[in-house]
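Comments concern the structure below.
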Amino acid sequence: MNIILLGPPGAGKGTQAARLVEGRGMRQLSTGDMLRAAVAAQTPIGLEAKAIMDRGELVSDAIVSALIDAELTAMGPGTGAIFDGYPRTAEQAAQLDAILAGHGRRLDRVIELEVDEDELVRRIVGRYSCAKCGAGYHDEFQQPAIPGVCDRCGATEFKRRKDDNEETVRTRMQEYRAKTAPILPLYEARGIVSRVDGMAPIDAVTAAIEDVLAKS
Ligand code: AP5
Ligand code: MG
């Protein structure tokens, strides 16, 4: 099964994708994570993307679609894909259709996480992750069981994203409203969109997504 998790910054795409990876053995394809890895490794793509991401704007369609195509090639057939933060423009949506066809795959479902924008700023500004394994946490909503120690790998170093400040988040929201939200009607016309309440507790959101997938 190949699905898109769609929603504005902080909607919970990454959180829910990680759970689907654990529960269903699917693969998370997050263009944001791929770009951050490229920035950290200072590859040509990373060098080009860094300033754009720091401003909260969108990286070029050609770059992100090439990253997705390469990941699908590396994955091979048989494993389901969760697209997290991709596609983000009408052009990327068209490119994804072509890429999936090239890999003999089809898009089964688009899950929109519905959220309240003011709450998202709170979510994003409080977010951090384990510097070693990447497990996600939040100052208020999702703290490690032992303070300062990662639940998953026991590391004690954590990090915050550079674009997780209020000003950049506002730009990221505007980009979502202007360029990403308009792709939903394209998928609605195909009858493959399901909406999930992204304001519910994390476990409840996961249960709602599982429910959608069980019926797909
Ligand atoms: P990207 O990394 O995709 O960021 P984003 O879309 O802004 O989304 P986030 O990762 O911030 O949020 P999320 O929905 O994953 O939420 P999370 O699960 O972490 O993109 C970053 C940048 O890269 C872009 O701005 C752009 O520059 C570039 N880029 C990436 N893809 C691109 C593309 N396709 N085209 C062009 N440019 C691209 O949750 C947030 C927090 O809330 C966490 O702390 C979590 O613990 C908490 N939380 C989650 N769910 C709940 C809940 N139900 N209740 C309470 N707390 C919750
Ligand atoms: Mg994310």
Side-chain angles (χ1 to χ4, degrees), residues 4-21 28-39 45-46 48-69 71 82-93 95-96 99 111-117 119-130 134-144 151 158-181 183 196-209:
I4 294 173
L5 291 182
L6 199 78
K13 304 180 295 291
T15 302
Q16 297 302 329
R19 288 171 166 229
L20 293 174
V21 167
Q28 175 186 10
L29 300 179
S30 160
T31 41
D33 288 349
M34 293 172 204
L35 289 168
R36 279 184 288 280
V39 170
I45 285 178
E48 187 177 335
K50 186 179 183 314
I52 301 170
M53 294 173 76
D54 287 349
R55 288 196 301 271
E57 294 167 7
L58 294 186
V59 173
S60 85
D61 296 332
I63 285 182
V64 292
S65 290
L67 289 171
I68 288 286
D69 196 14
E71 281 294 319
I82 308 158
F83 297 101
D84 160 6
Y86 177 91
R88 260 174 150 100
T89 63
E91 180 62 26
Q92 289 178 29
Q95 287 166 345
L96 177 60
I99 291 168
I111 299 178
E112 185 195 5
L113 297 170
E114 291 186 300
V115 282
D116 156 7
E117 266 197 27
E119 176 71 13
L120 295 190
V121 176
R122 213 169 129 218
R123 278 194 192 175
I124 289 178
V125 173
R127 170 174 63 182
Y128 62 98
S129 62
C130 173
Y137 297 100
H138 191 279
D139 292 327
E140 288 174 70
F141 311 125
Q142 204 188 354
Q143 294 169 6
D151 292 339
F158 296 86
K159 60 181 181 184
R160 288 181 192 260
R161 269 168 54 176
K162 201 166 172 220
D163 60 347
D164 279 353
N165 58 77
E166 191 156 348
E167 197 192 332
T168 308
V169 170
R170 299 278 174 206
T171 306
R172 287 159 59 194
M173 300 276 183
Q174 278 166 19
E175 290 281 79
Y176 180 81
R177 278 194 299 266
K179 296 172 186 165
T180 308
I183 68 179
V196 163
D197 176 13
M199 300 313 294
I202 293 174
D203 286 345
V205 179
T206 308
I209 292 174

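Whatever order the structure lists ligands and atoms in, that order sets their numbers, starting from 1. Remember, predicted model here, so these are calculated numbers, not experimental data.
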Note, Thr180 side chain near Glu175 side chain (heavy atom, < 4.5 Å): no
Would you say that Tyr86 contacts Leu96 through its side chain, given a criterion of any heavy-atom pair below 4.5 Å between the two side chains? yes
Any idea which residues sit under 4.0 Å from ligand 1, heavy-atom distances? Pro8, Pro9, Gly10, Ala11, Gly12, Lys13, Gly14, Thr15, Thr31, Gly32, Leu35, Arg36, Met53, Glu57, Leu58, Val59, Val64, Gly85, Tyr86, Arg88, Gln92, Arg123, Arg127, Tyr137, His138, Phe141, Gln142, Arg161, Asp163, Arg172, Gly198, Ala200, Pro201, Ile202, Val205
Please enumerate all residues that pass salt bridge (charged side-chain N to carboxylate O under 4.0 Å, His left out) together with Asp33, with sequence neighbours excluded. Arg36
Output yes when a side-chain donor or acceptor of Arg123 lies under 3.5 Å from a complementary backbone atom of Ala11, and no otherwise. yes
Other residues, nucleotides and ligands only: do more than 12 of their heavy atoms fall within 6.0 Å of CZ on Arg161? yes
Indicate yes or no for a side-chain donor-acceptor contact from Gln16 to the backbone of Ile202 under 3.5 Å, with no hydrogens or angles considered. yes
